[in-house]
Amino acid sequence: MTADQLIPASKKDHGTQTHRTGAGTTDIAPGRPGVNEPAQTRGKTSIADVVVAKVAGLAAREIPGVHDMGGGLSRTLGAVRDRVPGGRPNVGRGVKVEVGERQTAIDLDLVVEYGVSIAEVAADVRENVITAVERITGLEVVEVNIAVNDVHLPGDEDQVATGESRVE
């Protein structure tokens, strides 16, 4: 189609153009209102709670000194689930989130390694989680609350793995 085949219609047709073909004419509407608006304003993106929980869980686990996440029961069930063939680890374990349209709040339950500074680990986790969630989701993180539920002691896993009893 050449430019001279498109003829602007009268102003009362709200921008409709007439396309001349050999058989007749066809009216072409310019589309819905707002067609000239930027892409960012033409639709809505929603982010599920589970997405934010997974991003926060992975970001928290990246920090040295974080042994595991979740409370005692959720860690026990997670350990059983991890041992089932074909089972996948739950990266959202120990993470609770509230997600709004533009903001999110995150609560984390951590188990830290014995000997690390809990305050430093918490600060590093908080910073890494905020950075990751804001970068990946575009949501503003208004708060990251951290509860340290347990301390992993050296040798704890060795006793559990071998099934050795401390007493006879």
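Just so you know, these numbers come straight off a predicted model, no measurement behind them.
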Task: Non-hydrogen side-chain atoms of Met69 and Arg93 separated by less than 4.5 Å - done: no

- [ ] Return the set of residues passing side-chain contact (heavy atoms from CB on, under 4.5 Å) with Glu140 (not counting sequence neighbours), or none when no residue passes.
- [x] Gln103, Glu134, Val142

Open item on the list: With a 4.5 Å cut-off on side-chain heavy atoms, are Val52 and Leu139 touching?
Closed with: yes

Task: Distance in Å, Ile136 CD1 paired with Thr131 OG1, rounded so as to fall on 0.5 Å steps - done: 10.5 Å

Task: Partner residues of Asp109 under the salt bridge (charged side-chain N to carboxylate O under 4.0 Å, His left out) criterion, sequence neighbours left out - done: Lys96

Task: Heavy-atom closest pair, residues Val116 and Glu113 - done: CG2-O, 3.1 Å

Task: Nearest-0.5 Å distance that lies between atom OG1 in Thr45 and atom CD in Glu101 - done: 11.0 Å

Open item on the list: Glu143: which residues meet the side chain to side chain donor-acceptor pair (under 3.5 Å) condition with it, sequence neighbours left out?
Closed with: Asn145

- [ ] Start with the C-alpha distance between Ile63 and Glu127, add both sets of side-chain angles, then the distance that settles side-chain contact (heavy atoms from CB on, under 4.5 Å), and finish with yes or no.
- [x] CA-CA 10 Å; Ile63 301 302; Glu127 183 178 340; over 6 Å; no

Task: Inter-residue atom distance Arg61.CZ - Leu108.CG, 0.5 Å rounding - done: 9.5 Å

- [ ] Please name the pair of heavy atoms, one in Thr104 and one in Glu98, separated by the smallest distance, quoted to 0.1 Å.
- [x] OG1-O, 2.8 Å

Open item on the list: Taking side-chain contact (heavy atoms from CB on, under 4.5 Å) as the criterion, tell me which of Ile118, Asp150, Val151, Val125 meets it with Leu110.
Closed with: Val125

Open item on the list: Give me the atom names and distance for the closest heavy-atom approach of Val95 to Ala56.
Closed with: CG1-CB, 4.1 Å

